[in-house]
2 protein chains.
Amino acid sequence: MVGTPDFAQMLRRCGGRATPGRLRLMRALWKETAPVTAARLQKSLGGALNLATLYRALDALAEDGVVRRVDFRHGHAHYELAAPARAHHHHLACTGCGAVEDVACTLRPRLKRTSAFSTITDHAMEYFGLCKACGARGPERGGRIWTGAGE
Amino acid sequence: MVGTPDFAQMLRRCGGRATPGRLRLMRALWKETAPVTAARLQKSLGGALNLATLYRALDALAEDGVVRRVDFRHGHAHYELAAPARAHHHHLACTGCGAVEDVACTLRPRLKRTSAFSTITDHAMEYFGLCKACGARGPERGGRIWTGAGE
DNA sequence: CAATAAACGCGAATTATTTGCAATAATATC
DNA sequence: GATATTATTGCAAATAATTCGCGTTTATTG
Ligand SMILES: [Mn+2]
Ligand SMILES: [Mn+2]
Ligand SMILES: [Zn+2]
Ligand SMILES: [Zn+2]
C-alpha cells in the first residue's frame, strides 16, 4: 500500500464500472484524513458529480465494503475509504470542535492516553450481524431482507 | 432497582418538570426492551404527546444522560432509558430482521457466542470526548460548542 | 393565589437522503 | 471497431426525520 491503489480495478472487482466520476470520488476519498460528508465530498470534487449520483455511488461502495459510513451524531453521515485501501479502525470525535482521531480496533479498547484528546465523555458501539433465524435462512439472494421501512 | 424508579424525582433532579407527558414517556421507555423510535414511542403513548414535543423531551433527556440515543443505521434514531434507570450496555442488531440483543459493555468485547445470534458481520464503535484544546478551554457554559452546522 | 419559566400543540420549515426518468457512456461481444 | 447490454448520470421532484416559531397552558416556587 505504498502508492495509490488501483481504484479502477477495485471498482470493477466490486461489479461496478470505472467511470471518471467514481475514479475521482475514490481519489478524493483517498486523500481525506477523516470521514467526510457527501456534501463536502462533492465540493472537494469541484461539483464534478451530482449529489444524488454521489449518494448512489457511496451507497454502492458501502455495500461492497469499499467505503465505510460513519456516524458522528451530527445528523448526517460521514464516509471514508475502507478495505482494502485503508485498514479497519475506529474514531474518537471531539464533541467540542469536531476533531477526529483514528483509533485502532483492538476489540479490546481499554483506551489508553491518546495524544490529541484529553477526555472521553462517551462512546457508541453497535454490533451488526444475523440472528440465528436469519442466519439459518441463508444469504437471501441480494442481501438485505429487513429494510427498516416503518420502523 | 427492584420496582419502578421514581421518574418524577428523576426528571426534577435533571432540572426538568414532572409533567404528565414526560412521566408517561418515562414509563413507556421503562417498559421497552429495546431502543425505540420517536414515532413508535408516540404510538405507545397513544398519541398523548405531540411528536415535536416528544423530540424536545427526548433531546433534553439525552442531554442529561437519562436517555440514550442509539444508531442502528436505519436512517432514524432509536432511544432507550439509560442511567440511572438502566445499566450501561451496548447492542447487537440483526441486519436481517432488526432483532436487537443487549451486549454488556466490557470495553473488551471479544464477543463470545451469543444466544440469539449466529454471525456478527460488522460493528460500529465511535468514541466521543474533548480534544486537548477543547478540554483546556473548560466546560463552556451550556455545553456543546460545535453544533455541526455546515458540516 | 400570583409570578415565572418550562413544556405543549400546531403548523410550517429544514435537511439529509432518495427516487423517477430519460439521456449517456462503460463493458462485453462479435 | 461497431453493437448490444446495462450501469451510471443529471435534474427535478419526493420523502422522511427532525427542528422551529409562536401563542397557550401548566408545573413549580414562595
Ligand atoms: Mn478514519
Ligand atoms: Mn438496550
Ligand atoms: Zn476539540
Ligand atoms: Zn434476524
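The model shown is predicted, which means the values in this text are computed figures rather than measured ones. Numbered from 1 within each chain, the chains take letters A, B, ... in sequence-line order.
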Using heavy-atom distances to pick each residue's nearest nucleotide on DNA chain D, tell me which of A:G21 and B:A18 is more 5'.
A:G21

Sugar-phosphate only, base, or nothing, as touched by B:T53 at under 4.0 Å among non-hydrogen atoms:
base

With A:L11 as partner, the option from A:L23, A:L25, A:V66 fulfilling side chain to side chain contact (heavy atoms under 4.5 Å, CB included) is A:L23

Which part of the nucleic acid, if any, lies within contact of B:G16, taking any heavy atom under 4.0 Å across all strands shown: a base, the sugar-phosphate backbone alone, or nothing?
sugar-phosphate

Nearest-angstrom distance from the residue atom CG of A:L23 to P of D:dT8:
12 Å

Angle class for the A:F72/A:H74 ring planes (parallel below 30°, perpendicular above 60°, tilted otherwise)?
tilted

Side chain of A:L49, heavy atoms from C-beta onward: which of D:dG10, C:dG11, C:dT18 has the nearest atom to it?
D:dG10

Considering all heavy atoms, the nearest A:P5-A:M10 contact
CB-CE, 3.8 Å

Between C:dC8, C:dT18, C:dT27, which nucleotide gets closest to the side-chain atoms of A:R12?
C:dT27

I need the NE2-C1' distance between B:H78 and D:dT18, as an integer number of Å.
14 Å

Between C:dT15 (C1') and A:Q42 (CD): distance, integer Å:
15 Å

Walking DNA chain C from its 5' end, the first of A:A52 and B:G47 to be reached, judged by nearest nucleotide, is B:G47

How many whole angstroms separate atom CG of A:D59 from atom P of D:dT8?
12 Å

Closest approach to the side chain of B:R22, judged atom by atom: which nucleotide of C:dT27, C:dA7, D:dT19 is it?
C:dA7

Any base atoms under 4.0 Å from A:R56, or only sugar-phosphate, or nothing? Heavy atoms, all strands.
base

When you measure only distances, ignoring hydrogens and angles, does the side chain of B:R17 come within 3.5 Å of the base of C:dA5 through a donor and an acceptor?
yes

Check every strand shown and say whether A:A48 touches a base, only sugar-phosphate, or nothing at a heavy-atom separation below 4.0 Å.
sugar-phosphate

Among D:dT8, C:dG9, C:dT19, the nucleotide that comes nearest once only the side chain of B:N50 is considered
C:dG9

Could you pull out the closest heavy-atom pair between B:R69 and B:A77, with the gap in Å?
CG-CB, 3.9 Å

Roughly, in whole Å, what's the span from CG in B:L51 to P in C:dC8?
13 Å

With a 4.0 Å cut-off on heavy atoms, is B:A57 in touch with a base, just the backbone sugar-phosphate, or nothing at all?
nothing

Are OP1 or OP2 of C:dT17 and a side-chain N or O of A:Y55 less than 4.0 angstrom apart?
yes

So do the side chains of A:V67 and A:E80 get within less than 4.5 Å of each other, counting heavy atoms only?
no

Is any side-chain heavy atom of A:C14 closer than 4.5 Å to one of A:L61?
no

Any base atoms under 4.0 Å from B:A60, or only sugar-phosphate, or nothing? Heavy atoms, all strands.
nothing

Assert: residue with more 5' nearest nucleotide on DNA chain D, out of B:A38 and B:P20, is B:A38

Within this structure, what is the CG-to-P distance between A:L11 and D:dT8, rounded to whole angstrom?
9 Å

How many whole angstroms separate atom CG of A:L25 from atom P of D:dT8?
12 Å

Counting only side-chain nitrogens and oxygens, does B:T19 get under 4.0 Å of the OP1 or OP2 atom of C:dC8?
yes

Describe the nucleic acid contact of B:A39 in one word from base, sugar-phosphate, nothing, applying a heavy-atom distance below 4.0 Å.
nothing

Can you tell me the distance, in whole Å, between the CG atom of A:L58 and the P atom of C:dA16?
15 Å

